[in-house]
Amino acid sequence: MKKILVIHTGGTISMHEEDGQILPGDINPMTHVHLTSHDDIEISSIDLLNLPSPHITPQHMLIIYQELKLRLPYFDGAVITHGTDTLEETAYFLDTLALPDDKPVVLTGAMRSSNELGSDGVYNYRSALRVAADDKAVGKGVLVVMNDEIHAAKYVTKTHTTNVSTFQTPTHGPLGLLTKHDSLYFQTAEARVRFDLSEITGTIPIIKAYAGMGAGILVLLDSEHIDGLVIEALGAGNLPPDAMPYLTNLIANGTPVILVSRCFNGIAEAVYGYEGGGVALAQAGVMFVKELNSQKARLKLLIALNSGLTGQALRAYIEG
């Protein structure tokens, strides 16, 4: 029998519909799910948080990590129920920290609350338990399980505001699929650098590039008030030329600036040699992040800075 730790943190999966609104309640319906078809799983659950996912901060993510670090050695795996709006960020955060590779950690949630027609919470919860108890999930890093698909925390993202198939992995596709009686994996997870943090602090805004972008909000950014900056750039990693001076000024003052593409498919890289192009940005000291979206790139930089990485070590990690 597999022993699975379940950590509930709130979100739509724990909410109910009332008068046309989705609302949190005092009782989490997932704690009362009857698992007759999973007699080979022994569940120990805790209500760690009860927060809508827009309320989740990196400090809450660290609390979840610390709870896992404390309890996971006594279990075969863990399931975390979480709101979907920031689920991918919590999953990536945990995947970057020092959790044991031999204990699957699976995040899941719901797009429809517990009393809505077609509610997907119980099904996703049971699916996540199946994956967490499955030996095939060992060594694959933190996973996100929704709608019969198994995704890697690093690449999965929410793609639709309401659809139950919202979680997708652009470029790569899911790691695997769940059938009625089995799990099938098509890809392997990448090796990861792991950090063990006791605190997480810092201010790292995200700025999205657009046609005609110039001073705009960039002129308001001050190295004394931010610890880093994420630019969601155009195409392969380019910016309108009028934005360049503000970024180079931040870099000159010691603020790390990292870049991702605003495209949800493909890889950002320095290939264009015109003014504002990726080559000029790289030469100015902007660091290019491969395949992460901006919200995960922000966490990557935040974790790196809180781990004490600077200079070339920071660049190697960010661009690795």
Side-chain angles (χ1 to χ4, degrees), residues 1-11 13-14 28-33 35 37-51 53 56 58-84 86-110 121-146 148-154 156 167 174-176 178 183 185 189 192 194-198 200 299 303:
M1 178 173 289
K2 293 294 185 74
K3 296 175 62 178
I4 302 300
L5 170 67
V6 176
I7 298 176
H8 298 296
T9 68
I13 194 170
S14 68
N28 186 342
M30 290 302 105
T31 61
H32 301 286
V33 173
L35 298 174
S37 61
H38 295 274
D39 293 334
D40 57 340
I41 299 175
E42 178 184 333
I43 297 170
S44 295
S45 65
I46 58 172
D47 287 301
L48 183 64
L49 304 170
N50 186 18
L51 295 173
S53 58
I56 294 287
Q59 286 72 32
H60 292 120
M61 298 175 194
L62 188 63
I63 289 171
I64 298 170
Y65 165 65
Q66 291 168 338
E67 197 71 23
L68 285 169
K69 186 179 175 184
L70 176 68
R71 295 177 180 267
L72 201 51
Y74 306 100
F75 293 87
D76 298 300
V79 168
I80 300 164
T81 63
H82 195 290
T84 58
T86 58
L87 185 149
E88 67 190 83
E89 290 170 80
T90 296
Y92 177 76
F93 183 93
L94 296 174
D95 194 49
T96 309
L97 298 189
L99 296 174
D101 279 331
D102 61 340
K103 307 290 180 83
V105 174
V106 181
L107 279 81
T108 193
V122 171
Y123 187 85
N124 286 336
Y125 178 50
R126 286 177 166 174
S127 298
L129 287 168
R130 284 178 57 193
V131 174
D134 189 352
D135 290 337
K136 293 180 183 178
V138 171
K140 290 186 169 58
V142 175
L143 301 170
V144 172
V145 172
M146 296 273 290
D148 281 335
E149 293 184 341
I150 305 167
H151 295 269
K154 181 176 180 179
V156 70
F167 281 94
L175 279 182
L178 282 167
S183 60
Y185 287 90
R192 294 169 307 288
R194 295 289 187 83
F195 299 96
D196 185 14
L197 298 180
S198 58
I200 187 97
L299 286 172
I303 290 167

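We're numbering straight along the sequence, starting at 1. Since the structure is predicted, the reported quantities are computational estimates derived from the model, not experimental observations.
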May I have the step-by-step check of side chain to side chain contact (heavy atoms under 4.5 Å, CB included) for Ile46 and Glu67, ending in yes or no? CA-CA 10 Å; Ile46 58 172; Glu67 197 71 23; 3.5 Å; yes
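- Counting heavy atoms from C-beta on, the side chains of Leu97 and Lys69 never come closer than 4.5 Å.
- Two residues are said to be in side-chain contact when any heavy atoms from C-beta on lie closer than 4.5 Å; Asp101 and Arg194 meet this criterion.
- Counting heavy atoms from C-beta on, the side chains of Val145 and Arg130 never come closer than 4.5 Å.
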Show the numbers, then the answer: is there a side chain to side chain contact (heavy atoms under 4.5 Å, CB included) between Ile200 and Phe93? CA-CA 11 Å; Ile200 187 97; Phe93 183 93; 4.0 Å; yes
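- Inter-residue side-chain proximity for Leu49 and Ile56 is flagged as met; some heavy-atom pair is nearer than 4.5 Å.
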Evaluate the salt bridge (charged side-chain N to carboxylate O under 4.0 Å, His left out) criterion for residues Lys2 and Asp135: first the C-alpha distance (whole Å), next the side-chain angles of each, then the deciding distance (0.1 Å), finally the verdict. CA-CA 10 Å; Lys2 293 294 185 74; Asp135 290 337; 2.7 Å; yes
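- A 4.5 Å side-chain heavy-atom check between Leu107 and Val142 finds at least one atom pair inside the cut-off.
- Contact annotation: the side chain of Pro100 approaches that of Leu72 to within less than 4.5 Å [non-hydrogen atoms, C-beta and beyond].
- Leu94 approaches Met61 most closely through the heavy-atom pair CD2-O, 4.0 Å.
- Residues Leu68 and Val105 meet the side-chain proximity criterion, which asks for heavy atoms closer than 4.5 Å.
- Summarising the geometry of Asp95 relative to Gly141, their closest heavy-atom pair is OD1-CA, 3.6 Å, with the distance given to 0.1 Å.
- Under the 4.5 Å side-chain criterion, counting only non-hydrogen atoms from C-beta, Val156 is not in contact with Leu87.
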